[in-house]
Amino acid sequence: MNQTKPPFQALASTAPRILVVDDEAHIRELLEITFIKMGMDVDSAENLAQAREYFAHYSYSLVLTDMRLPDGLGLELVEEVAQSGKNTPIAVITAFGSTDNAVVALKAGAFDYVSKPVALDQLRKLVNSALQVSQIKSASAQIAVVTSKLLGQSQAIQELRQQIARLARSMAPVSICGESGSGKELAAREIHAQSARANKPFVAVNCGAIPEALMEAEFFGYRKGAFTGATEERDGFFQAANGGTLMLDEVADLPLAMQVKLLRAIQERAVRKIGATAEEAVDVRIISATHQNLEECVANKRFRQDLYYRLNVIELKLPALRERLDDVPMLSAGILHRLSGKPVVLAPDALAALLAYDFPGNVRELENILERALAFAGDGVVELADLALKPSKTPSSSAATAAPVVLDLALDPRAEIVEPNVERSAAASAAPSSAPAAPDSAEINSTADSKIDSGTKLLPTLAFDGSGDLPKSLPAYLEQVEREIILRALQKTRYNKTQAAELLGVSFRQLRYQIQKLKIDEAE
Ligand SMILES: Nc1ncnc2c1ncn2[C@@H]1O[C@H](COP(=O)(O)OP(=O)(O)OP(=O)(O)O)[C@@H](O)[C@H]1O
């Protein structure tokens, strides 16, 4: 405990050093003892002025400050430390129940917070994360540039990569917005991969894909015997992501009742399994994403303001591809290389056509276009016609023999990126078999085995009968086939997209993308 020693002497110790700022002597003492037991050196300050002096003289692995101090607010220190350029993680101690303060501090640059009364195990976790952050902090900016999977050299993407590297050092919830296919999930994965949580799970949950009746079980888990069919205890998404990151994709699709439960879990950092009496602590960083305007959802009362406030601590905006078309050459080269595994080039007029396109489906659409083009391209060159960007172009007859329906869906490059032991997407895991059944599951089970017939069977219902003349436009024809099949699957599943996707053998995201792309009105 160094408060009585003459300050600012040269340091002999190489142990991590922590600065505790609190005006209450007994709290300082408790914290000092805890940190010393953890093998750290501790300096204590009882007000802002002292804290500033310490911070100016020493390098710290963590600063931990109370919010209310005799000569000012802990928030001022948060801002000063965050802007000091020293990359020191700072965390705040908030009064019990004062989560608003925590949000304000996180927004100002705090790395994390603990609430009074301070739980020692939470404190230890916080310190361990801070130490890891300090260790990786200098390397992380370089890692971001060298190993980022977010391709592109545009100003917007460079800034995005820098923002991600900064966000990776904090625990603050991040809300990612951007059009469909613009890279929101990829960005979330990067934040996780560059954070101190990288070796813990990243769990992506598609909130729009979980039947409402199963949500609580999916998010929080359940105890054996909690309801009929709960034959064994099961963890939910929160437990699966413990220590790591939980991505709530399409968060605007959460029903209001679930929003209340989620807010509580996030605030308390604890969840209660269905059928359990006690809560269990969970240490999860939340990243949410949506392509909808959350503020509008709040204004329309479809999204709770308090949850919005809690999730939207830091906002990350993904630019649409049409706003950064200068990234198209690099993205195309990267995607073609990934898909074909050998050198493939874009003919100059093909590249020019892509540069003139506005990509309503963003990078995912570019991937789709290139994947389809690769199927047509020969000799390692993708020609303009292979892109099939303009429906008026007459396709070659050899292309017309390709199996049409399978083509667009099966070749979709967005097959879920499954990383070993980290992924548990809601769409993929669907309902726990033993959890309460979705209202229409009985009907689905009866059809689940019989996948929709292959495209050739459907052809007679379309203008082209496959026997003589070629269709006037192959892309338009294929779209029509695809639209018809998707509509049939949707009707058959009473517009349950998760089950329709299962029926068609594609992922939920793939189906949702096709529905948007083909502008399928679900009331059709
Ligand atoms: N900058 C990028 N560099 C390389 N690939 C990218 C980039 N941005 C997106 N992608 C790729 O585009 C596809 C779509 O990205 P992603 O799934 O992250 O989008 P999204 O915004 O989460 O979509 P949705 O809103 O539909 O959930 C993925 O295959 C992803 O790897």
Side-chain angles (χ1 to χ4, degrees), residues 144-165 174-193 202-210 245 247-254 287-294 315-339 354 359-372 374 409 411-419 423 425-428 497-498 501 506-518:
V145 177
V146 179
T147 63
S148 176
K149 290 189 182 148
L150 277 164
L151 299 177
Q153 279 308 321
S154 60
Q155 184 73 14
I157 275 290
Q158 289 189 41
E159 281 169 15
L160 184 74
R161 279 197 293 259
Q162 280 167 8
Q163 256 180 306
I164 286 176
V174 179
S175 156
I176 307 182
C177 58
E179 292 180 12
S180 187
S182 57
K184 297 187 291 296
E185 179 165 345
L186 193 58
R189 284 176 181 279
E190 294 249 339
I191 295 174
H192 173 78
F202 174 91
V203 176
V205 178
N206 195 320
C207 300
I210 314 170
T245 306
M247 178 183 184
L248 305 174
D249 203 357
E250 297 310 346
V251 72
D253 291 345
L254 279 175
I287 299 185
S288 58
T290 177
H291 69 278
Q292 299 191 40
N293 183 331
L294 262 192
E315 198 175 86
L316 193 65
K317 171 124 187 51
L318 268 281
L321 185 52
R322 82 185 80 78
E323 291 161 17
R324 53 182 189 101
L325 284 171
D326 39 338
D327 283 338
V328 167
M330 189 187 225
L331 277 168
S332 304
I335 293 167
L336 285 171
H337 186 260
R338 172 163 54 82
L339 294 177
L354 287 177
F359 295 101
N362 294 291
V363 185
R364 178 175 296 126
E365 184 175 10
L366 175 63
E367 285 180 336
N368 270 349
I369 292 170
L370 293 177
E371 181 134 31
R372 178 161 45 196
L374 269 178
L409 289 169
L411 289 185
D412 190 318
R414 296 162 304 107
E416 307 276 1
I417 315 160
V418 179
E419 290 172 7
E423 184 68 9
S425 118
K497 283 186 219 155
T498 307
V506 297
S507 72
F508 174 84
R509 304 182 116 213
Q510 286 170 314
L511 179 68
R512 190 188 54 188
Y513 172 68
Q514 296 304 125
I515 288 174
Q516 281 167 1
K517 192 183 96 177
L518 298 173

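Order of listing sets the numbers, starting from 1, for every ligand and every atom in it.
Against a heavy-atom cut-off of under 4.0 Å, Lys149 is close to the following atoms of ligand 1: 3 (N), 4 (C). Atoms of ligand 1 found under 4.0 Å from any heavy atom of Asp249 (numbered from 1 in listed order, with element): 27 (O). Interface atoms of ligand 1 facing Leu331, defined by a heavy-atom separation under 4.0 Å, are 2 (C), 3 (N), 4 (C).
Side-chain N or O atoms of Lys184 include one that pairs as donor or acceptor with a backbone N or O of Gly178 at under 3.5 Å.
Compare Leu150, Leu151, Leu186, Thr290 by their heavy atoms: the one nearest to atom 31 (O) of ligand 1 is in Leu186. Proximity annotation for atom 25 (O) of ligand 1: of Lys184, Glu179, His291, Lys184 comes nearest, heavy atoms only.
Salt bridge annotation for Arg161-Glu190: absent, with no cationic side-chain nitrogen under 4.0 angstrom from a carboxylate oxygen. Here Glu179 pairs with Arg322 in a salt bridge; the nearest charged N to carboxylate O distance falls below 4.0 Å.
In this view, Asp327 and Arg324 satisfy the salt bridge (charged side-chain N to carboxylate O under 4.0 Å, His left out) rule, not counting sequence neighbours. Judged as a side chain to side chain donor-acceptor pair (under 3.5 Å), and not counting sequence neighbours, the contacts of Thr245 are His192.
Contact between Glu367 and ligand 1 is present, with at least one heavy atom of the residue lying under 4.0 Å from the ligand. Under the 4.0 angstrom criterion for non-hydrogen atoms, Gly152 is not in contact with ligand 1. Gly181 counts as a contact of ligand 1, since one of its heavy atoms falls under 4.0 Å from the ligand.
Geometrically, ligand 1 and Arg338 share no nitrogen or oxygen pair separated by less than 3.5 Å.
Side chains of Leu370 and Ser332 form a contact here, defined as non-hydrogen atoms less than 4.5 Å apart.
No hydrogens or angles considered: a donor-acceptor pair under 3.5 Å links the side chains of Gln155 and Glu159.
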